[in-house]
Amino acid sequence: AEDIAPDITEQSLSCLVNGERCDLLMMNQVKEYTQDGPMTAYLIQISKPRNMAARNKLDIILKDIQGNIGMGSLFFSV
């Protein structure tokens, strides 16, 4: 299977919780293994925002080195 993960650096990512920008503390590239073969994944750790609510929204925006832009969102409770 083709590895479709983007080529990114720490400067490629923007992380926001409830619209508040969070610092990227750590990013690790890892290999995940599937029945179709290895795939690249990224593990990230971000700073905790000042204002958290009972329900929150995490947005991750990335721009790879080829200039492609992507975004993912996750809703979570604390």
Between D7 and Q66, does the side-chain contact (heavy atoms from CB on, under 4.5 Å) criterion hold? Intermediate values first, please.
CA-CA 8 Å; D7 293 321; Q66 289 82 23; 3.7 Å; yes

Between C22 and K48, does the side-chain contact (heavy atoms from CB on, under 4.5 Å) criterion hold? Intermediate values first, please.
CA-CA 7 Å; C22 298; K48 185 176 178 181; over 6 Å; no

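Within a 6.0 Å radius of CE in M26, no more than 12 heavy atoms belonging to other residues, nucleotides or ligands are found. Within a 6.0 Å sphere centred on CG of L74, heavy atoms belonging to other residues, nucleotides or ligands number more than 12. Few gaps surround CD on E10; more than 12 heavy atoms of other groups in view lie less than 6.0 Å from it.
With rounding to the nearest 0.5 Å, the separation of OG in S12 from CD1 in I61 is 12.5 Å.
A donor-acceptor pair under 3.5 Å is formed between the side chain of D3 and the backbone N or O of A5. Checking side-chain atoms of S77 against main-chain N and O of R55 turns up no donor-acceptor pair under 3.5 Å. In this structure a side-chain-to-backbone donor-acceptor pair under 3.5 Å is missing from N28 to L43. For the pair Y42 (side chain) and P6 (backbone), a donor-acceptor distance under 3.5 Å is present.
Between E32 and P38, the closest side-chain pair of non-hydrogen atoms is not below 4.5 Å. In this structure, the side chains of I44 and I60 come closer than 4.5 Å at one or more pairs of heavy atoms. Proximity of V17 to I46: side-chain heavy atoms (C-beta onward) are separated by under 4.5 Å at one or more points. Within the 4.5 Å cutoff, the side chain of V78 has heavy atoms near those of the N56 side chain.
Taken together through direct or relayed side-chain contacts under 4.5 Å among Ile, Leu, Val, Met, Phe, Trp and Tyr, F76 and L24 form part of one hydrophobic cluster. One hydrophobic cluster, built from ILVMFWY side chains closer than 4.5 Å, holds both I8 and L58.
Scanning for side chain to side chain contact (heavy atoms under 4.5 Å, CB included) contacts around K57 gives N18, D59, S73, F75, with sequence neighbours left out.
When all heavy atoms of E20 and R50 are compared, the pair lying nearest together is OE2-N, 3.1 Å. Heavy-atom minimum distance, M39 versus T34: CG-CG2, 4.2 Å.
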